[in-house]
Each structure stands twice: as C-alpha cells, then as structure tokens.
Number of protein chains: 2
Amino acid sequence: MFDTDALRLIDAVARLGSFTAAAAELQYTQSAVSRRVAAIEARAGGPLFERLPRGVRLTPAGATLHRHTRDVLERLQRVNEELAAIHQGTGGRLRVGAFATANAALVPTALKDYAREFPGVDTTLVEGLTRHLVDRLDEGAIDVAVVSDYPAGLDTPPSIVLEPLLEEEFLVGLPAGHRLAAQEVVDLRDLRDDNWIEGARPGQNLMLAAACATAGFTPRVSMRVGEWTGKLGFVAAGLGVTLVPALATQGMRPDLVLRPIAQQAPRRTVFAALPRAPLPAARELARVLAGAAGRMAGCTTPSPTSRAVWPPA
Amino acid sequence: MFDTDALRLIDAVARLGSFTAAAAELQYTQSAVSRRVAAIEARAGGPLFERLPRGVRLTPAGATLHRHTRDVLERLQRVNEELAAIHQGTGGRLRVGAFATANAALVPTALKDYAREFPGVDTTLVEGLTRHLVDRLDEGAIDVAVVSDYPAGLDTPPSIVLEPLLEEEFLVGLPAGHRLAAQEVVDLRDLRDDNWIEGARPGQNLMLAAACATAGFTPRVSMRVGEWTGKLGFVAAGLGVTLVPALATQGMRPDLVLRPIAQQAPRRTVFAALPRAPLPAARELARVLAGAAGRMAGCTTPSPTSRAVWPPA
DNA sequence: CTTTGGGTATTCCATGCACGCATGCCTTCC
DNA sequence: GGAAGGCATGCGTGCATGGAATACCCAAAG
C-alpha cells in the first residue's frame, strides 16, 4: 500500500513538475525524492512520472494515483482538524442523555445556549431513566447525562462523576375543576381520599409513597401510567391527581393546575453525570446546563435548602 | 499526520476491540501494537482507546478517527486496484485523438470493438489535426492518436512511434447531377474548368494542388471551407467539386457522388501514434485499430501498393 | 564541437525508528 | 489464592530512509 509520506511526495512532485522543486518544498534533498519515487513506482507496478529533459510529468497511472492522493490527503487534514476540535470542545459529536422531565425545559434550554456557543458540535439526545443513562455513560455510549438522585440514591460507578445542577421540589397536579384547584397551596392530607396516578416504571412510586407517608396516609393508587403525556392526560380528564416535578411545569398543558405542597415537599437533586475523563465538549455542556438550571422556575441551587414556591413570583 | 500503517492499526484495533487480536491479525506482536497506539495517541493529542479490563474501546475521538480511517483505507484499496487495471490494460482511462475523417468510420468501429473487449476502460475522444494531435500526444494530454502523413510528411518527435494502419486514396466528390457523375472513373483533367472547394486549414490545399499538378493543370479554387460538413454541403449544392478521402465515404450524404480518379490518385497513409512507453490500453487500441483498418472499404493495407477501387466490389 | 546549466539517477554512509523478546503489572475469574 | 488474559515497558537489533557527493543525460548556447 502507499504511505502517507509517499502520498505527500507524489502530490508535491505532481504539482510542481519536478523532483528538485518537490524536494525543496518538502525539505528533502533531490536524491531522497528520486529514490523514494523510484521505490513508490516499484510498488505501484509501473512508472508514475515520465522523465523529461526539464522536470517530470505524470503518466496516466500517475495521474490516477494523484487524483486519489489529493482526496486522501485532504481527508487526513480534515481528521486532524476534527480531532483538534474535539479536544478543544469546539467540534465533534456529543451524545447527551437525559431523563424525561429534564427534556421538558432544562435540556432544551441548555442545548440551545450550547449550540449558540459551539455551533461546530453535533449533538444527539437520548431519553432514558437515570439507571439506564448511567449504564450507557459507563459503557461509553453517551458522553454526558442529566440524571436525578431519586429514587435509589444514585449509586454510580467510580468511573462517573456527578455535578449537582439544581434541586427541585414536586408539586401536585390537579385537574382544572378540582375542588382544591383554587387554593394557593395544597395540603397533602386533603388528597388522602383522591385517586393517585403514578408512574409505571420501577422506583417511580417511591416518591409518592414517601411524601404521603410524611403526611400521614397511604395513597390510593388507581393507575400506573408509563408515559408523561399519558399520565397528565389522565389527570386532566379528572381520573386522579399526581405529583409533578417542578422542572416539568414549563409548557404544561393548560387544563392542569399545579400547586405547591403545604408540608415538607418531596425534593430531588438533578445532576450532570460525566465520565471521569470527559470530552471537553461534554464538560462545556455541563457548565451550560448549570447556567440553565439557575434560570429554571421553581428550582433552587443545590446546596442551599431554600423553599420553592409555585407559581413563582 | 497519520501514517497508513497507523490507519490500518487503528482500524484493526477498533474492529477487534483488543490490542492482542489486532496484533495477531496484522502479524505484529502485542507490544508493538501497544507502543504504536500510544505513539498515535500522542500525535492525535489525546487517547483514542479506552482501556478496559478486557480489551479496549474507542473513545469519541477514536471513533471519529476510525470513521475516516475506514474511508481512507478503502480509497487506497481502490487506488491499488485501479493501478493494477491500468497496467494490465483492462481498466483506467484512455484518451484518444483522431483527425476528423478518421472519426467518420475507422475510429468508431475500432472503439466499438475495443469497448467490447475491454469494457473496463473509460475512453474519451478528441478531434484535431495531425499536427495538433502529435503535440498533445507528446505532452501527454492524450494516450494514443490516429494521424495521417499528409500533408507535411509527419515529422514526429522521437518520443512518438508510428504504426501504419492503412493506406487510402482520395476520390473526387461530385454533386449528384454533375455531368461526370455517370462515369465509373473520373479523369481529373475533365475537371480542370470546375470550381474546387478545399479545406481552409493550413496544408489542406497541398493535396489538391499536387493531384492537379500531376494531371497537368492548376485547380481553380473558388472556396475554402473549414468544416467537413460545410465542404460537402457546398459540393452537394453544386457550387463545386472536391477531393474526399476514402475513409470518409462511410455514411456519406446521398446527394453526393464519389468517383475514383483515373490517373494516379493522391494517397495518404494513416497511422496510430503512440508514446514510446504507451499505456497497455493504448497499445491494445492500436491493435484493434489495425484490425478495423483492414475492414475499411476503399483502403489498402499499408505496405503493398495495390490500387483502390471505388465503389468496392 | 564544446560548454554550460538544469535536471535526474546512483553510490556510500549514518541515523533513527519500529519491531520482537522478555517481563511487569493489573484485573477478573475459578 | 492461583491462574489466565490483556496492556505497558526496557532493551537490543535490523531495516528503511534521508543526506552528501557524484555520475549521467539532454538541450540550448557559444
């Protein structure tokens, strides 16, 4: 096969039409070029340059080779640029994972900011539960993920580092005509006899159970719905009430009423998860996510424990 | 930049997911692969493979590189195949030049045969005067040319070799209603008072002048027309008579009558011109041209001086 | 015919890169 | 705890590659 040095040599000789000139351009001596070309021609199976009294000229075989040569060299140049871009975080592909609620507002906001700052980065987004996202991150299928610590406390492998983004509380979601919809704040105990809609996936019921336990009752769960849109649809239809994380309130359907919880509301923390040696682009996105998190309504920065109010002032 | 060996190594490791396996495939030792990969990663500016307990895995940067790697290697493979094809004469591009009359029948016939025998060769055709074709051939712009020795005796540079294809004679072209059109053979002296149409390009009048000089008169030239179609159009319209090479009789317009010349007809030899080191494909085409020349009506093989008869029996 | 100049081919030699071998170290699995 | 699989590393060597000098070739000029 042909060496890249050989390709560069072929290109230079073809462009300049002379061994001597090519040698000057590539910082070789003429003799080196001569011998190298001879070696390349031997490997190519025939002469690539026609020797003229003054300089050389491509043979048809040489011209064929030269055409490909230019493309290949150009391609290698592009590879170098892309690698440099990847290492600077200003290019390449970035695969992002996020749980469903984060995709309502936080992640879109952040990705919009990010795309403005790094237009060269090609981002793709996958949605999944925290558990799943951590696994994908660990196996390198995604580069950065937005995850939450609830439920199950987020046992991440040591190869993954977490950066807290925000702390959010859960609100109750009521149908528009619900008897408590007029109140500014809802006491969970007033909902002890209502039907509750909860998620169908494993662990998603822990949050509700814990909150109601704090309030001193056990919720009557009438339905388990996997998807968010379906869950909210059932609530809007008056079939029950549910817990809604504050992050999901953006763009909430108008026939639903969200009210903060009177007693200690269930809370969870949202993290950016990165591999221990993340892509620069991933690290940048984590930074942008933190900025976007600060602008999310109804959420607080992670460390302080200030109370969330809904709707925000 | 990246060496082709490096590219092959990257590809093997990425495909097999292991230094050891890649080493086995490429007939290296594991240690060589390890150090080579380390060197490549240093040049790439960052790790390309993530080391796992069992084997390795591409990092995003590595994946980017690998994508290009495969394309480049594939391309180099294609180059090799093309070069092999060129040297066997079974592929590549063949640039053919021919003078106008040869393009009437000889060259199309030969190219048709040639394409059937070597379907892999991509042929292009340029038309031009012999002088021009020889220059183009000398500078490598075309690979083979069909030229004639008339006029000017064909002084070719030593870098070009000529292979005689055929010897053709010139006929007189008369309008359909001409007073001599009924004769089987025309005596040039009967045309001493006719208007002659001749070519406009330099040297094209020599043939007519010589022929008429042999017959003992000087032709009255009424018009000079550059293009063949125009020339024949004028003759067909009854504006004059002209000389027509035998090769051009194929596909001649029906309102023209061609008649052999009674006295010694002007003749010319047609050659295939090749560079001293021709493409195998060019050499093959020369062979096919010789075959086609043997089947051309009104022409003779070069060495014997047999008289041409028109129309042929 | 000789000279000169621009270009390529060839010979000799030094250098350094890359590979193989042997070994070390880590992790996982039995 | 031992065995096995896999990557990293230190050392020695051989071959490829480039530099310097020179021979060679051709064309144009004197």
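Remember, predicted model here, so these are calculated numbers, not experimental data. The analysis underlying the following values was restricted to heavy atoms, covering all of them including side chains, and did not include hydrogens, waters or symmetry mates.
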Subject >> Exercise: identify the closest heavy-atom pair between B:Leu289 and B:Ala272 >> reply: CD1-CB, 4.5 Å
Subject >> First of B:Ser18 and B:Arg35 reached from the 5' end of DNA chain D, by closest nucleotide >> reply: B:Ser18
Original post:
With the threshold set at 4.0 Å, does a side-chain nitrogen-carboxylate oxygen contact exist between A:Arg78 and A:Glu81?
Top reply: no
**OP:** Choose from C:dC19, D:dA20, C:dT8 the nucleotide whose nearest atom is closest to any side-chain atom of A:Thr20.
**Re:** C:dT8
**OP:** Could you check whether B:Ser34 gets within reach of a base, just the sugar-phosphate, or nothing at all, counting any heavy atom under 4.0 Å?
**Re:** base
Original post:
Does the base of C:dA9 carry an N or O that pairs as donor and acceptor with the side chain of A:Ser31 under 3.5 Å?
Top reply: no
Original post:
Is the shortest side-chain N to carboxylate O distance from B:Arg95 to B:Asp143 below 4.0 Å?
Top reply: yes
**OP:** Starting from P on C:dT8, measure out to CD on A:Glu50 and report it in whole angstrom.
**Re:** 13 Å
Original post:
In terms of side-chain heavy atoms of B:Gln30, which of D:dG18, D:dA8, C:dG20 is nearest?
Top reply: D:dA8
Subject >> Interatomic distance, B:Ile40 CD1 vs D:dA8 P [rounded to whole Å] >> reply: 12 Å
**OP:** Could you tell me the separation between the CZ atom of A:Phe49 and the P atom of C:dA9, rounded to a whole number of Å?
**Re:** 11 Å
**OP:** Start with the C-alpha distance between A:Leu48 and A:Val37, add both sets of side-chain angles, then the distance that settles side chain to side chain contact (heavy atoms under 4.5 Å, CB included), and finish with yes or no.
**Re:** CA-CA 8 Å; A:Leu48 299 173; A:Val37 169; 5.9 Å; no
Original post:
Which heavy-atom pair separates B:Ala23 from B:Val33 by the least distance, and what is that distance?
Top reply: CB-CG2, 3.5 Å
Original post:
Separation of A:Arg54 atom CZ from D:dA27 atom P, in whole Å?
Top reply: 11 Å
Original post:
Given atom CG of A:Leu16 and atom C1' of C:dT8, what is their separation to the nearest angstrom?
Top reply: 16 Å
**OP:** Figure out the CD/P separation between B:Glu41 and D:dT9, and round it to whole Å.
**Re:** 11 Å
Original post:
Rounded to the nearest Å, what distance is computed from the CZ atom of residue A:Arg8 to the P atom of nucleotide D:dG18?
Top reply: 12 Å
Original post:
For C:dA9, does either OP1 or OP2 sit under 4.0 Å from a side-chain N or O belonging to A:Arg51?
Top reply: yes
Original post:
Can you check the B:Leu9 CG to C:dC19 P distance for me, whole Å?
Top reply: 8 Å
